[in-house]
Amino acid sequence: MAGGALPGFRDFYPDEFAQRAHIFRAWREVARKYAFVEYDGPPLEPLDLYTKKSGDEIAGQLYNFTDKGGREVALRPEMTPTFARMVAERANALRKPVRWFSIPQLFRYERAQRGRLREHYQLNVDIVGEGSELADAELLSVAISIMKELGLDAADVRARVSDRRLLNALLTEIGIEESRQGAVYAVLDKFARQPREVSITKLTEAGLSADMVEAVLELPTVKEISALRENLRNSATVKPHLDRLTTYFAHLHSLGVSEWVDIDLSIVRGLAYYTGIVFELFDAKGELRAICGGGRYDNLLNDLGGADLPALGFGMGDVVLGELLKERHLMPESSGTGADLFFVGGNGALEHPIGDALRLVHLLRAAGFSVDYGLSADRYQTQPTRNQVDSAKKSGARAVICFSSGTEVLVHGLAGKLKEAPAHTFASRPLLAADETAFAALKDWFAASITSRHPSND
RNA sequence: GUGAUUGUAGCUCAACUGGUUAGAGCACCGGUCUGUGGCACCGGGGGUUGCGGGUUCAAGUCCCGUCAGUCACCCCA
């Protein structure tokens, strides 16, 4: 449609905003449980923050331009460089290990597709200053706990785990020299998405012998450490890395998330800076793109900011996650205002002009209620009450309130059938006189009688 | 950036091989109904058929371009 948002950008109408808020709430709630603290940085950064170290692969998709001061700038495509700079600047002062998270809006200039827009929000969770595999286990546990928090289970989402150091050792043991390992990584990354013959061709072209090719193509099928060839498993080069992965899995088990996790040595991660355990979260059916990806990047802080600290982290975008939640009907369907009270004109509207109505609304709000009403002074007295109540229901309000006579105020619940809903009348005079005990009585009754109309959405 | 495919109201869709003022349901607005008020019914607003050209007596329908969506590449979050 013409005149809409720019391609790849989204308008968040209240319903969509509620869904976004639902995801953000889960992110923040779980981060808090794991004792991470929130930070943020600028959405606009110097261009070279991204071109210097991340390489050309990212440069072609940057949303960049020259600002009015002649500076080359870019909308941030990822948070890690900003994070690295912030940590490096205060590396000595920060208490380790650092547990930080952020929910930046990120931008990339590339053709939009399902699950990939030009803009998205991405939870970033990072740990700095801890090199042990326990930190890796803690990090993955955060990601999985978010899935749980949103109502997903181990049948919906799978975590796939690999380890760059282990993979390096395995390839070396197979006899592949380091200069050719990059090509092998590329093939492993695409192993599931391209025909086996293509993989074989590419590996052969990379200079691997038939034996090596066979050994490499076995790797993605390994589901347990014991399934590795014996000579690989027992090699002195490989063993320490296998031991670490074993310990890592033991920690995951203790943290209660091991049933979500599979070994998958074809998980490579595109970004070149990963150095250790890496992981991705996928929907179990494999219909969508990765929900989440991350791992250990022990050299990046040093390369980027000169702080020699081990670090690890993950990013989780709102787009794919949102699609999965919608598919599983785990998203709030519609928002409504959810106001406590909706004021309508009742039988007493003629005795109480709009001024009285507004005064009551004002006092109710001052007493702590959220109050909605039709913004027409005219219809307050002329529109049939039943039609006003219809509007109140559609608004999602929990109860209606009106002048039911010259001397009384009626509060009536909107949950369920109107006839069965709780209702109560209060004397209007003390309420209009801002009598505190009258409002206290109203609040008590409301709290005891009126239930939320959307108990499942909260 | 490459290729394929789609584009009618806010949403989901209709309109025979081109043929009167492009329709319906839902949603929205107003109203009616004092025993099914999260119901039924009545009425209303809203579309230069994505946009721009072309063919034709006549285009939502055919052709070209363009923009946008979707999918697959590329690549990655």
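Numbered from 1 within each chain, the chains take letters A, B, ... in sequence-line order.
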Discussion item. Once you apply a heavy-atom cut-off of 4.0 Å, does A:Leu117 come out as touching a base, just sugar-phosphate, or nothing?
Written reply: base
Any protein N or O atoms within reach of nucleotides 44-46 of chain B? Criterion: under 3.5 Å, listing atom names and distances.
none

Worksheet, complete the sentence: With the side chain defined as heavy atoms from C-beta on, A:Pro7 is closest, among B:C74, B:A68, B:C28, to B:A68
Discussion item. My validator wants the stems of RNA chain B: runs of 3 or more consecutive Watson-Crick or G-U pairs, both distances under 3.5 Å, written as range with range.
Written reply: B:1-7 with B:67-73, B:10-13 with B:23-26, B:28-32 with B:40-44, B:50-54 with B:62-66
Worksheet entry | Of the listed nucleotides B:G31, B:G3, B:C73, the one nearest the side chain of A:Gln113 | B:C73
Discussion item. Suppose you measure atom P in B:C13 against the same atom in B:U8; what distance do you get, rounded to whole Å?
Written reply: 10 Å
Discussion item. Between B:G3 and B:A14, how far apart are the two C1' atoms, rounded to whole Å?
Written reply: 32 Å
Discussion item. Taking A:Lys285 first and then A:Asp283, would you say they form a salt bridge - that is, a charged N and a carboxylate O separated by under 4.0 Å?
Written reply: no
Worksheet item: If the P atom of B:U6 is compared with that of B:G65, how far apart are they to the nearest Å?
Response: 15 Å
Worksheet entry | Closest nucleotide among B:C75, B:C28, B:G30 to the A:Lys394 side chain | B:C28
Item to complete: Check whether any side-chain N or O of A:Asp264 sits under 3.5 Å from a backbone N or O of A:Ser266 as a donor-acceptor pair, and report yes or no.
Response: yes
Worksheet item: Base, sugar-phosphate, or nothing for A:Arg76, non-hydrogen atoms under 4.0 angstrom?
Response: nothing
If you restrict it to nitrogen or oxygen atoms, what contacts under 3.5 Å exist between nucleotides 33-35 of chain B and the protein, and what is each distance?
from: B:C33; atom 1: OP2; to: A:Arg386; atom 2: NH2; distance (Å): 3.0
from: B:C33; atom 1: N4; to: A:Arg386; atom 2: NE; distance (Å): 3.2

